[in-house]
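Written out below as structure tokens is the structure these notes cover.
Computation of the quantities below employed the complete heavy-atom set of this structure, encompassing side-chain atoms and omitting hydrogens, waters and symmetry-equivalent molecules.
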Amino acid sequence: MMKYLTLVRHAKSCWKNPLLKDHQRPLNRRGAEDAPRVGRHIAEQISQGMLPSVDLILHSDALRTCATAKLLANELGLLPQQLLASPALYECNGETLLNHIRLTQNSIQHLLVVGHNPGLMECYEELSDFRRDKFPTGAVLHLALPLLEDWQQLQSGQAEVRQFIRPKSLP
């Protein structure tokens with residue numbers, strides 16, 4: 001059965017409080033509105049049979065990625081145990097992110113990762129021929145992995161881009 005990887009950059013965060021460390025920045029109003037809208041869009045694609053249900057959300061432990069993951073999970077009807085925070089994903093590079101994806105249990109058919117740039121861009125550039133100047137906050141990239149049976153075997157160039165979505169493009 002084909003595996004799917006959905007990469008989501010955390011929703012827009014707040015920079016207003018200069019005393020907060022980067023790791024502790026919350027979502028701003030726009031981010032708190034965009035994340036559920038993105039989640040509803042993914043849920044709609046699942047209900048239309050364009051994607052399988054998300055089995056697991058893997059995310060950084062930064063406040064803004066945790067909040068984004070929870071808002072997405074609410075829209076997707078996921079349980080709390082289907083969210084997995086990893087401190088190692090906070091501002092990691094693409095290779096670190098790929099190594100964490102490779103640790104995914106093979107029972108997971110559709111993995112959704114909420115993370116940061118530049119790691120997300122480095123990850124999808126390694127896996128596919130998709131190139132963008134920017135991967136904006138709240139953006140979603142759906143990748144199909146038709147030849148992948150075991151997440152440990154994830155390799156360069158294996159992914160097929162199915163869709164790229166920016167929150168601004170959603171109603």
Side-chain angles (χ1 to χ4, degrees), residues 3-15 21-28 30-32 34-39 41-42 45 51-52 54-73 75-76 78 82-104 108-145 148 151-170:
K3 295 199 183 295
Y4 291 84
L5 175 63
T6 297
L7 302 176
V8 179
R9 184 169 175 205
H10 64 79
K12 199 81 164 159
S13 61
C14 181
W15 289 87
K21 293 183 179 182
D22 181 70
H23 193 268
Q24 299 168 327
R25 285 191 295 118
L27 296 181
N28 67 13
R30 187 172 125 207
D34 284 350
R37 195 164 70 239
V38 167
H41 179 76
I42 296 169
Q45 290 183 313
L51 290 171
V54 173
D55 299 306
L56 179 69
I57 296 179
L58 175 64
H59 60 91
S60 151
D61 69 341
L63 184 59
R64 61 192 179 274
T65 53
C66 290
T68 302
K70 286 177 185 173
L71 290 168
L72 293 172
E75 296 298 329
L76 296 170
L78 300 182
Q82 290 176 282
L83 280 85
L84 178 61
S86 174
L89 297 185
Y90 175 64
E91 296 189 335
C92 69
N93 64 27
E95 188 59 35
T96 299
L97 183 55
L98 284 167
N99 286 335
H100 272 76
I101 292 169
R102 289 182 183 112
L103 297 174
T104 302
I108 303 297
Q109 181 185 0
H110 186 177
L111 175 65
L112 190 151
V113 177
V114 181
H116 309 268
N117 270 346
L120 286 172
M121 288 180 72
E122 292 169 358
C123 178
Y124 72 65
E125 287 176 351
E126 181 70 24
L127 292 175
S128 71
D129 58 3
F130 186 71
R131 300 294 180 267
R132 300 245 342 150
D133 289 337
K134 294 182 179 181
F135 193 60
T137 54
V140 179
L141 180 63
H142 295 297
L143 300 168
L145 299 156
L148 187 68
W151 287 103
Q152 291 180 344
Q153 304 303 316
L154 185 63
Q155 298 176 23
S156 298
Q158 263 185 320
E160 297 173 2
V161 174
R162 291 294 167 100
Q163 187 177 45
F164 174 73
I165 305 157
R166 294 178 0 177
K168 288 181 179 180
S169 66
L170 298 174

Q) Do you see a donor-acceptor pair shorter than 3.5 Å between the side chains of H110 and T6? A) yes
Q.
I want to check something: taking the side chain as every heavy atom from C-beta on, are R166 and K134 in contact at a cut-off of under 4.5 Å?
A. no
Q: Give a yes or no on whether R37 atom CZ has more than 12 heavy-atom contacts from other residues, nucleotides or ligands under 6.0 Å away.
A: yes
Q. Aromatic rings F164 and F130: how do their planes relate, parallel, tilted or perpendicular, breaks at 30° and 60°?
A. tilted
Q. Can you name the side chain to side chain donor-acceptor pair (under 3.5 Å) partners of H10, sequence neighbours left out?
A. R64
Q: State whether the side chain of R162 and the backbone N or O of L143 hold a donor-acceptor pair below 3.5 Å, judged by distance alone.
A: no
Q. What is the minimum heavy-atom distance between R25 and C14, and which atoms define it?
A. CD-O, 3.2 Å
Q: Working to the nearest 0.5 Å, report the span between CD1 of I101 and CD1 of I108.
A: 13.0 Å
Q. Stepwise, does the salt bridge (Lys or Arg N to Asp or Glu O under 4.0 Å) test hold for E75 with K70?
A. CA-CA 9 Å; E75 296 298 329; K70 286 177 185 173; over 6 Å; no
Q. Is any side-chain heavy atom of D34 closer than 4.5 Å to a side-chain heavy atom of L27?
A. no
Q. So, for G31 and P36, which heavy atoms are closest and what is the spacing to 0.1 Å?
A. O-CD, 4.5 Å
Q. Can you find a side-chain donor-acceptor pair between T96 and N93 that sits under 3.5 Å?
A. yes
Q: Return yes if some donor-acceptor pair links the side-chain N/O of Q82 with the main-chain N/O of D55 below 3.5 Å, else return no.
A: yes
Q.
Just so I know, are the side chains of W15 and N28 near enough to count as touching, which here means a heavy-atom distance under 4.5 Å?
A. no
Q.
Could you report the tightest heavy-atom contact between L72 and V114, atom names first, then the distance?
A. CD1-CG2, 3.9 Å
Q.
For a 4.5 angstrom cut-off between non-hydrogen side-chain atoms, does L98 reach L127?
A. yes
(Q) We want to know whether S86 and H59 form a side-chain donor-acceptor pair, criterion being a heavy-atom distance below 3.5 angstrom. (A) no
Q: Assert yes or no for the condition that the ring centre distance of H142 to Y4 is strictly below 6.0 Å.
A: no
(Q) Testing the basics here: between L120 and V8, what is the closest heavy-atom pair and its distance to 0.1 Å? (A) CD1-O, 3.5 Å
Q. Mind checking whether E122 and E95 have side chains closer than 4.5 Å, heavy atoms only?
A. no
